[in-house]
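Working notes, structure below.
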2 protein chains.
Amino acid sequence: MTLSTDQQQVIERIGVFFETKGNQPILGRIIGLLMVADDAEATFEDIQKCLFVSKSAVSQALTLLQSQNKVEYITKPGERKRYFRLKIRNWKTDIQEDMKNVFKFNDVLEEIIAMRGDKNEEFNKYLVEVSNFMKFLKAELPILIESYKKSCK
Amino acid sequence: MTLSTDQQQVIERIGVFFETKGNQPILGRIIGLLMVADDAEATFEDIQKCLFVSKSAVSQALTLLQSQNKVEYITKPGERKRYFRLKIRNWKTDIQEDMKNVFKFNDVLEEIIAMRGDKNEEFNKYLVEVSNFMKFLKAELPILIESYKKSCK
DNA sequence: ACTTTAGTTCACAAAATTATGAACCAAAAA
DNA sequence: TTTTTGGTTCATAATTTTGTGAACTAAAGT
């Protein structure tokens, strides 16, 4: 597999994007490669060669990405190689996943609200407001997604 | 300033939350401390003592948090000490900030879509779908926020 | 039976991040 | 004018994260 300079640059940018989101460098680049690759898939060797990293780095990264449900592989008849690709999950699932995280924070927030004294009512009020909005969002987002899906038909 | 064991534990949990979001450890703990503190503020010294970190670590962390617009300080008449506190920004601003990031990714996504060949139309279609949904979200979120604000009155 | 392919595992090296302490500074107090 | 307070700065130490290479495995090919 050969990449154009353009493709390589986009891979780096996707890499940086995922890196700043708190992931380790190769993960983002592998995702980038899989997004950019003509047929949207790459073998173990492709990944190694395109990203200039060691076998073990690729192996570990792929294991992680698969455990995160971001990557999967297919095989082709008569070939031993695995073809890795991005797991096409519907964005509905992805967003709900993200939301879970938001609400995990809301749980902590509610705990804080419950534990706070009344020395600073303005701040307390602010926390309650944020928490309420999070709960609102939790309720509304699925509805929003539905309305989007309808608008597509 | 003295903290209860409960408060300390919540601070650690908030710390971990921010850490996993890709921030450095003390940042999250300082935010935790400022959320949990009775009067929602703390001096430089308070922070140092409560979190058991060096002066320089506190200084650097506060500089960063202030540059990120997450923390500010007030002063009190006749006192030289600064009282640091969370900057109460309305969640509207915060969320719009987060959104900016999502849309920065959508820009890359659109670039990828434009650059991809037609070897894998299913994948292309998927990318377009995700991109469209992001654009939809960009348009709808402000409306959602408005409708929440109305529901509060 | 042995060689090759396609990867995995793990101890460790390299690199990046984070925290420290010592020296510093500017304003206020003594 | 010297000292104290409330920090800041910066080189570097400590820690964590990330990547490597060597040894290994299991299935397939010869």
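Note that the structure is predicted; figures quoted are calculated from it, not measured. Letters go in sequence order (proteins before strands), and every chain restarts at 1. All values below were derived from every heavy atom in this structure, side-chain atoms included, with hydrogens, water molecules and symmetry-related copies excluded.
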Item to complete: Write down the distance between CD1 (B/I26) and P (D/dT15), rounded to a whole number of angstrom.
Response: 15 Å
Worksheet item: Mapping B/K81 and A/V58 to their closest nucleotides on DNA chain D, which lands nearer the 5' end?
Response: B/K81
Worksheet item: Can you find a side chain N or O atom of B/R82 that sits less than 4.0 Å from OP1 or OP2 on D/dT8?
Response: yes
Worksheet entry | Atom-to-atom span, NZ of A/K55 to P of D/dC24 - whole angstrom | 14 Å
Worksheet item: Over how many whole Å does the gap from A/L64 atom CG to D/dT17 atom P extend?
Response: 13 Å
Item to complete: Could you please spell out the steps behind the side chain to side chain contact (heavy atoms under 4.5 Å, CB included) verdict for B/L137 and A/Y148?
Response: CA-CA 9 Å; B/L137 222 55; A/Y148 170 72; over 6 Å; no
Practice prompt. Test B/L141 against every option in B/M99, B/E146, B/Q96 by the side-chain contact (heavy atoms from CB on, under 4.5 Å) rule and name the one that passes.
Written response: B/M99
Response to the item:
Rounded to whole Å, CG of B/L62 lies from P of D/dG7 at a distance of 9 Å
Item to complete: Map B/E45 and B/A57 onto DNA chain D by nearest heavy atom, then report which one ends up closer to the 5' terminus.
Response: B/E45
Practice prompt. Measure from the side-chain heavy atoms of B/P25 and tell me the nearest of C/dT18, D/dT18, C/dG21.
Written response: C/dT18
Worksheet, complete the sentence: Whole-Å distance, B/Y73 OH to D/dG7 C1', equals 10 Å
Worksheet entry | B/L51 CG to C/dT20 P, straight-line distance once rounded to whole Å | 11 Å
Worksheet item: Do A/K81's NZ or CZ and the ring of A/F44 fall within the cation-pi criteria of under 6.0 Å and 45°?
Response: no
Discussion item. Can you identify which nucleotide, out of D/dA26, C/dA27, D/dT20, has its nearest atom closest to the B/R80 side chain?
Written reply: C/dA27
Practice prompt. Tell me whether the OP1 or OP2 atom of C/dT17 has a side-chain N or O from B/Q24 closer than 4.0 Å.
Written response: no
Discussion item. With a 6.0 Å cut-off on the ring centroids, do B/Y73 and B/F84 count as close?
Written reply: yes
Worksheet, complete the sentence: A/N23 CG to C/dA16 P, in whole Å, measures 18 Å
Fill in: Protein-nucleotide distance (B/Q60, atom CD; D/dT8, atom C1'), rounded to Å
9 Å
Discussion item. Counting distance alone, no hydrogens or angles: does the base of C/dG21 have a donor or acceptor under 3.5 Å from a partner atom on the side chain of B/S56?
Written reply: yes
Worksheet entry | Other residues, nucleotides, ligands: >12 heavy atoms within 6.0 Å of B/E122 CD | no
